[in-house]
Amino acid sequence: MSEKTSQKEWPKAVIMDLDGTLIDSAPDIARALNCAFEDEGLSPFTLDEVRFMIGGGVPKLVERAFDARNMPHDEKEQAIIKGVLRHYTEAPVDNTVIYEGVEHVLSTLRTRGLKVGLCTNKPQDITEVALEQLNMTAYFDAIVGGTADTKRKPDPETLKMCADQLGVGVDDCLLVGDSGADRGAAEALEMTVFLVEYGYCKTPVSELKPDGVLDKMSDLLKILFPLESFSY
C-alpha cells in the first residue's frame, strides 16, 4: 500500500477506469464482437472468451479475437473493427450493469471534495453515450476516452490529459483500474494506482504489483477515509 494514503491531503483527485472497474460491459461488447464476426460469416465467441479479450480498445479486442482463432491480420480485421464499433454504438449498455457499490463510492468522493475523472480506452463518443444511458455522467469532472488522435493505455497520454482536465498534478491523483494497461499508464507517470480484483485481468492483479488491491469498490473508502464509517 502506498504511504500516500496516510496523508490527509492526498489524493486530490481519483481517476477511474470504466470497463471492468465501474461497469460490467462484457455482455454488450461480446454481442458487438459476435455480430461483427457473424456479418463476415465467422462463428461467435462465448462470453467468457470475450471477457478476457477486453482492454486496450476495440482494435486490441479484435486483434485478440483473431489471435484466438489463429486468423491472419489482414484486411478482414479492419472490417471487423468497423463492425464492432457499429454494433456497439447501436446498443452500448443493453446488458451492462454498474458494479455493486460503485455509485455510492463515486458520490462519496464528490461530497468529500475530491475531483473525480474517468480515463478509458473505450471510444470517447461511445463512452459519453454509455455514461448518459447509465445515468453516470454527473459523477465525473472530466471524461477522457479514446480518439483517433490519442494513444491508448498503457501509454500515459490520456491519463495525463485527464489529470490536466481535472487541474490536478499526477502526484495528487489516484488511478483505480483493473488491468496491466492501467498499471502501465500509471507507472509511466509515477501515479499511484489501485487495481480491483473483480475486473477483466487474466492474471491475479496482485502480480502486477499495484500500490493497492481492492476486493470490492467500497474498499476504496475504507482506505482513503480510515477514520470514518460508511453504510453500504
Side-chain angles (χ1 to χ4, degrees), residues 1-26 29 48 50-56 60 96-110 112 114-122 136 139-140 144 152-156 158-160 162-163 166 168 170-232:
M1 191 65 61
S2 170
E3 293 180 356
K4 290 180 179 178
T5 56
S6 66
Q7 299 176 12
K8 185 176 180 180
E9 70 277 6
W10 186 93
K12 295 179 180 177
V14 176
I15 299 176
M16 296 285 188
D17 174 52
L18 183 57
D19 301 294
T21 301
L22 301 182
I23 61 174
D24 183 5
S25 52
I29 293 174
D48 284 342
V50 176
R51 190 176 297 278
F52 295 110
M53 295 177 188
I54 297 171
K60 180 60 70 173
T96 291
V97 297
I98 304 170
Y99 287 117
E100 183 178 359
V102 161
E103 291 185 278
H104 174 70
V105 168
L106 294 175
S107 177
T108 301
L109 293 175
R110 295 291 299 272
R112 292 302 187 278
L114 277 69
K115 296 285 189 179
V116 180
L118 183 77
C119 181
T120 175
N121 284 333
K122 189 190 294 291
M136 295 181 71
Y139 290 122
F140 302 103
V144 178
R152 305 294 199 268
K153 296 177 292 183
D155 188 283
T158 53
L159 185 56
K160 179 63 165 60
C162 191
L166 293 172
V168 178
V170 295
D171 289 344
D172 289 318
C173 291
L174 165 65
L175 174 65
V176 179
D178 75 314
S179 70
D182 297 307
R183 173 71 176 89
E187 182 179 26
L189 296 175
E190 298 186 354
M191 182 185 293
T192 303
V193 57
F194 292 171
L195 297 179
V196 300
E197 291 190 306
Y198 55 78
Y200 301 149
C201 193
K202 289 183 178 180
T203 59
V205 293
S206 60
E207 295 182 10
L208 300 176
K209 301 186 184 306
D211 298 290
V213 174
L214 305 177
D215 179 58
K216 53 187 181 299
M217 184 57 72
S218 58
D219 290 344
L220 181 62
L221 299 182
K222 299 176 185 178
I223 295 170
L224 296 185
F225 311 107
L227 301 181
E228 301 185 41
S229 60
F230 297 93
S231 58
Y232 303 104

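In this text the structure is predicted, and so the values were computed from the model without any measurement.
Summarising the geometry, atom CG belonging to Leu106 is positioned 7.0 Å from atom CE belonging to Met217; distances are rounded to the nearest 0.5 Å. To the nearest 0.5 Å, atom OG1 of residue Thr120 and atom CD1 of residue Ile23 are 7.5 Å apart. Taken from SG in Cys173 to CD in Glu190, the straight-line distance is 13.5 Å, to the nearest 0.5 Å. Put simply, CD1 on Ile54 and CG on Asp19 are 6.5 Å apart, with the number rounded to the nearest 0.5 Å. Atoms NZ and CG, on Lys222 and Leu214 in that order, are 10.5 Å from each other to the nearest 0.5 Å. In this structure, CG on Asp172 lies 11.5 Å from CG on Leu166, to the nearest 0.5 angstrom.
Heavy-atom contacts from other residues, nucleotides or ligands closer than 6.0 Å to CD of Glu100 number 12 or fewer.
For Cys201, the side-chain contact (heavy atoms from CB on, under 4.5 Å) test picks out Thr203, Val205, Leu208, with sequence neighbours left out. Qualifying ring-ring contact (aromatic ring centres under 6.0 Å, His included) partners for Tyr99, counting only residues two or more places apart in sequence or in other chains: Tyr198. The salt bridge (charged side-chain N to carboxylate O under 4.0 Å, His left out) test applied to Lys115 returns no partner, not counting sequence neighbours. The side-chain contact (heavy atoms from CB on, under 4.5 Å) search around Pro154 returns Ala181, not counting sequence neighbours. Asp17 meets the side-chain hydrogen bond (donor to acceptor under 3.5 Å, both in side chains) test with Thr21, Lys153; sequence neighbours excluded. Take Glu103 and apply the side-chain hydrogen bond (donor to acceptor under 3.5 Å, both in side chains) test, not counting sequence neighbours, and it matches Tyr139.
Across every non-hydrogen atom of Pro210 and Ser206, the tightest pair is CD-O, 4.1 Å. Across all non-hydrogen atoms, the minimal contact from Ala26 to Arg51 is CB-NH1, 3.7 Å. When all heavy atoms of Asp155 and Ala185 are compared, the closest pair comes out as O-CB, 3.9 Å. Shown here for Asp182 and Asp178, the closest heavy-atom pair between the two residues is OD2-N, 3.0 Å. Closest approach of Ala163 and Val170 over heavy atoms only: CB-CG1, 4.3 Å. Of all heavy-atom pairs between Leu189 and Lys160, the closest is CD1-N, 3.8 Å.
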Practice prompt. I would like to know whether Met16 and Leu109 meet side chain to side chain contact (heavy atoms under 4.5 Å, CB included); could you show each step before the answer?
Written response: CA-CA 12 Å; Met16 296 285 188; Leu109 293 175; 4.1 Å; yes

Worksheet item: Could you go step by step and tell me if Val105 and Val14 meet the side chain to side chain contact (heavy atoms under 4.5 Å, CB included) rule?
Response: CA-CA 11 Å; Val105 168; Val14 176; over 6 Å; no

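Under the 4.5 Å side-chain criterion, counting only non-hydrogen atoms from C-beta, Ser25 is in contact with Tyr200. Taking 4.5 Å as the limit, every side-chain heavy atom of Ile15 sits out of range of all side-chain heavy atoms of Val168. Counting only heavy atoms from C-beta outward, the side chains of Met136 and Val102 approach each other to under 4.5 Å.
Of the possible polar contacts, one joining the Asp219 side chain to the Asp215 backbone as a donor-acceptor pair under 3.5 Å is found. For the pair Trp10 (side chain) and Leu174 (backbone), a donor-acceptor distance under 3.5 Å is absent. Formation of a donor-acceptor pair under 3.5 Å by the Asp211 side chain with backbone atoms of Phe194 is not found in this model.
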